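All values reported here derive from a predicted model rather than from experimental measurement. To find a chain, count down the sequence lines: A is the first, B the second, and so on, and within it residues start at 1.
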Amino acid sequence: MPVSNHDIAVLFERMAVFLELDGANAFRIRAYQNAGRIIEGLTRNLAEAVLQGEDVTRFAGIGKDLAGKIREIVASGTFQQLAELEARLPKILLEMISIPGLGPKRARRVWENLSIHSIPDLKAAAENGKIRTLPGFGAKLEEQIQKGIAFRESQYNRILWSEAEIIARSLCAYLENIPGVQKVEVAGSYRRKKETVGDLDILAVCSQAEAVNRAFRSYPGVSEILAQGGTKSSVILHGGMQIDLRVIAKESYGAALHYFTGSQSHNIAIRKMAQQRRIKINEYGVFKNQLHVAGKTEEEVFRQVGLPYIPPELREMTGEIEAAQAGRLPQLASREQLRGDLHCHTDETDGALSLPEIAAAAHELGYEYIGITDHSQHVSVAMGLDEKRLRQQLLAIDKTNAKLKNITLLKGIEVDILDNGRLDLPDSILKELDFTVCSIHSKFNLPEDQQTERILRAMDNPYFTILGHPTGRLLGSRPAYAVHMERIILKAAECGCFLELNAHPERLDLSDMHCRLAKEKNVLVAVSSDAHNRVGLENVRFGINQARRGWLEAKDILNTRPLKVLRRLLRR
DNA sequence: GCCGTTTTCGGCCCGACTGTTTTCAGTCG
């Protein structure tokens, strides 16, 4: 199996870190960081391209030298220069720079002067007052390092977007109530709708910056203040999340919002474009000869570099600027365009709602249809349906449908893909259904080839309609099972079946990149709630966030189709 | 290490805050 783009990106990012520690030229470091980010965002597998003799220098950011290193990686799994640096510089330096306040320069100085071999060594040095004796260090930095180590031990990590939303809403409500505040917006990865969020970047429009900053720092949830200036402050909340606030004036709002929304590499690209036009973009606006010429809205900023508005979800430097230049930005999908939901569970198994209750809820959400997909018998913990109970449910659906107006219950099942690739119920009952969601709920650890074959074999079944939560991952708790997603997507295209984007906030399974790959191969994606209760039905909005990050438009999504068209598509 | 409508050298996004200095380096986003 050739190395993945992610593997190559990780090695280049690692190289960048080691070069930083080695005091290398900053632009050389940036070249590796750049290349890493670009490679991470490619839908084409670079290793396969190399093996087919393709010239990879055609990708922006990859020149002759890096192309050579990519060939080395494809052949050997790493490259020599990195191996040499890894041999020369100790791993502890990598750990040290993960501590806030310790960058490569300071880490290196501490390591060289105090013979630090582990984080406990570092902790001891700080506690014994040794760090403050080094040139350029003092008591405050020493204290900051101690705090940083404690913070690291608290194991705080990124949280789900849906959890960040709760924190963000409460903070925004608090800030909006401060006198003089005209507008509050959460920027950063939260606004780009990344599936997990590490911190929150909040922007407030107000003419009295200092007063707002003061009020922000006394928000009841604050446990620690990291930085306090006249225009920006950083705090840590109880629970560990960092919040950065920036206060700006009305005329800078668009420029600041663009800047703080990122991503960093997107910003760099936009600012480079500005340079070429002899203008300068910073968070205060767009400047021509020191003259403020734009910046009130994001649209103005984009216009100054000759681009249409690019939605935040696309600002990841994965081709959005080229698409904008070519006038080929997608019209991203919205929640309102969904005409139904194709994955939900009832009280017949592990759900909470009855068929009439689900129908009523779906109607409230403005749907035309909703697919009933309880578990199949193999999922015994959820009281999965066998053939007999499923037949009874089909009758119940007919009865319910007979009484319904404006909404249709579709007959489905979330049927298990068994480890031999067969489906968990016989064709004799599957053929009675409108569609199936076929999912893996067992044997997550199969090697990639076997797991992929298992799914491909299942797709050969003519009653296979939608692949449910295609990689099985749970964000932050369970990794994706090993599957070759490109092969699966190609097979889906060939067989006329579909992939689910499971919208449960802990799953968001497909990833953004796999959404794009599906779109490229003309495989429609079903954005589905996997709801077990009323609130769960609304999870589709998290799925739409992810779909938008995956460049999906209404036309790329199965359940934007009217019922009549949908029925035709569901028949393979 | 990459790149080119300032093209094969000489640039490379931009600014705030902190701490340790006494004018600025380092870190961060």
Side-chain angles (χ1 to χ4, degrees), chain A residues 12 15-16 19-21 23-38 56-70 79 81 96-110 131-145 147-148 187-190 192 198-203 209 213 217 225-235 242-248 252 255-256 258-287 295 301 305 317:
Chain A
F12 280 176
M15 181 68 179
L19 285 173
E20 248 187 316
L21 288 166
N25 176 297
F27 297 106
R28 193 173 159 221
I29 295 167
R30 191 179 297 167
Y32 277 97
Q33 291 171 334
N34 240 336
R37 274 192 299 259
I38 287 163
V56 296
T57 59
R58 71 187 175 85
F59 295 108
I62 298 173
K64 254 190 172 170
D65 185 276
L66 289 186
K69 296 206 165 77
I70 291 170
F79 57 103
Q81 272 189 23
M96 283 167 74
I97 58 169
S98 72
I99 293 166
L102 274 186
K105 299 245 166 60
R106 288 179 187 153
R108 182 106 203 225
R109 197 174 302 160
V110 171
I131 289 177
R132 67 177 75 185
T133 63
L134 299 175
F137 286 79
K140 290 243 173 110
L141 263 174
E142 191 173 71
E143 193 189 336
Q144 194 183 339
I145 289 165
K147 277 187 186 167
S189 56
Y190 178 85
R192 301 200 309 278
D199 61 7
L200 289 178
D201 300 297
I202 302 186
L203 209 60
N213 269 284
R217 296 192 297 265
I225 296 168
L226 295 177
Q228 40 188 333
T231 63
K232 68 182 267 192
S233 298
S234 293
V235 302
Q242 180 171 334
I243 319 284
D244 300 329
L245 174 75
R246 186 70 182 260
V247 184
I248 36 94
S252 298
H258 179 260
Y259 169 48
F260 287 106
T261 297
S263 65
Q264 198 187 9
S265 44
H266 168 93
N267 286 350
I268 290 172
I270 296 287
R271 289 180 179 197
K272 271 188 189 163
M273 291 176 73
Q275 270 188 333
Q276 283 163 6
R277 293 169 178 247
R278 298 177 181 282
I279 53 181
K280 184 175 78 169
I281 297 179
N282 59 28
E283 59 263 52
Y284 296 106
V286 183
F287 297 86
V301 175
V305 291
M317 256 335 249

- line: residues 57-68 of chain A vs salt bridge (charged side-chain N to carboxylate O under 4.0 Å, His left out), sequence neighbours excluded, gives A:Glu54-A:Arg58, A:Asp65-A:Lys69

task: List for me each residue that meets salt bridge (charged side-chain N to carboxylate O under 4.0 Å, His left out) alongside A:Glu283, sequence neighbours excluded, and say none if there are none.
output: A:Arg246

query: Which part of the nucleic acid, if any, lies within contact of A:Ile281, taking any heavy atom under 4.0 Å across all strands shown: a base, the sugar-phosphate backbone alone, or nothing?
result: sugar-phosphate

field: Selection residues 99-109 of chain A - residue pairs positive for salt bridge (charged side-chain N to carboxylate O under 4.0 Å, His left out), sequence neighbours left out
entry: A:Asp22-A:Arg108, A:Arg108-A:Glu112

field: B:dC9 and B:dG15, which share atom name C1', separated by this distance in whole Å
entry: 28 Å

message: Distance check needed: B:dT18 C1' versus A:Lys147 NZ, whole Å only.
response: 13 Å

- prompt: With sugar-phosphate meaning primed atoms plus P, OP1 and OP2, does A:Thr231 contact a base, only sugar-phosphate, or nothing at under 4.0 Å between heavy atoms?
  reply: sugar-phosphate

statement: For A:Glu142, the side-chain contact (heavy atoms from CB on, under 4.5 Å) test, sequence neighbours excluded, returns A:Ala126, A:Ile131, A:Arg132

field: Value in whole Å for how far the C1' atom of B:dG19 lies from CG of A:Leu134
entry: 14 Å

query: If the P atom of B:dT5 is compared with that of B:dG1, how far apart are they to the nearest Å?
result: 23 Å

message: Checking one value: the base orientation of B:dT22, syn if chi is within 90 degrees of 0, otherwise anti.
response: anti

query: Do the side chains of A:Thr231 and A:Ile248 get nearer than 4.5 Å, heavy atoms only?
result: no

- prompt: How many Å lie between CD1 on A:Ile131 and C1' on B:dT20, as a whole number?
  reply: 15 Å

message: Can you work out whether A:Gly230 or A:Glu142 has the more 5'-proximal nearest nucleotide on DNA chain B?
response: A:Gly230

- line: Taken to the nearest whole Å, CD/A:Glu20 to C1'/B:dG1 is 15 Å

task: Please state how far atom CZ in A:Arg217 lies from atom C1' in B:dC17, giving the value in whole angstrom units.
output: 12 Å

Spacing of CZ belonging to A:Phe59 relative to CD1 belonging to A:Ile70, to within rounding of 0.5 Å: 9.0 Å

task: Can you tell me, in whole Å, how much space there is between the C1' of B:dT20 and that of B:dT27?
output: 14 Å

query: For nucleotides 2-11 of chain B, read 5' to 3', which letter fits each nucleotide if B means a protein heavy atom sits under 4.0 Å from the base, S means only the sugar-phosphate is that close, and - means neither?
result: SS--B-----

query: How about A:Phe79 and A:Phe12: are their ring centres within less than 6.0 Å of each other?
result: yes

task: In whole angstrom, give me the gap between the P atoms of B:dC17 and B:dT22.
output: 23 Å

- request: Could you check how far CG of A:Leu226 sits from P of B:dT18, rounded to whole Å?
  value: 10 Å

message: At 4.0 Å (heavy atoms only), tell me whether A:Gln81 reaches a base, stays on the sugar-phosphate, or touches nothing.
response: sugar-phosphate

task: Report the base-pairing partner of B:dG11 (Watson-Crick or G-U wobble, both distances below 3.5 angstrom), or none.
output: B:dC2

message: Whether the side chain of A:Ser233 engages the backbone of A:Gln228 through a donor-acceptor N/O pair (distance < 3.5 Å, no angle test) should be reported.
response: no

field: Separation of atom CD in A:Glu143 from atom P in B:dT20, rounded to whole Å
entry: 10 Å

- request: Return the nearest nucleotide to the side chain of A:Asn282; candidates are B:dG15, B:dC12, B:dG1.
  value: B:dG15

query: Are the side chain of A:Asn267 and the backbone of A:Tyr259 linked by a donor-acceptor contact shorter than 3.5 Å?
result: yes

message: Roughly how many Å apart are B:dT21 and B:dG26, using the C1' atom of each and rounding to a whole number?
response: 13 Å

message: For the NZ atom of A:Lys272 and the CD1 atom of A:Ile281, what is their distance to the nearest 0.5 Å?
response: 13.5 Å

query: Can you tell me how far P of B:dC14 sits from NZ of A:Lys272, to the nearest Å?
result: 11 Å

query: For DNA chain B, whose closest nucleotide is more 5', that of A:Ala139 or that of A:Asn267?
result: A:Asn267

- prompt: What integer number of Å spans the C1' atoms of B:dT6 and B:dC12?
  reply: 14 Å

field: Expected output: side-chain A:Asp201 to main-chain A:Asp244 donor-acceptor under 3.5 Å
entry: no

- line: Scoring nucleotides 23-29 of chain B by protein non-hydrogen atoms under 4.0 Å (B base, S sugar-phosphate only, - none) yields ---SSSB

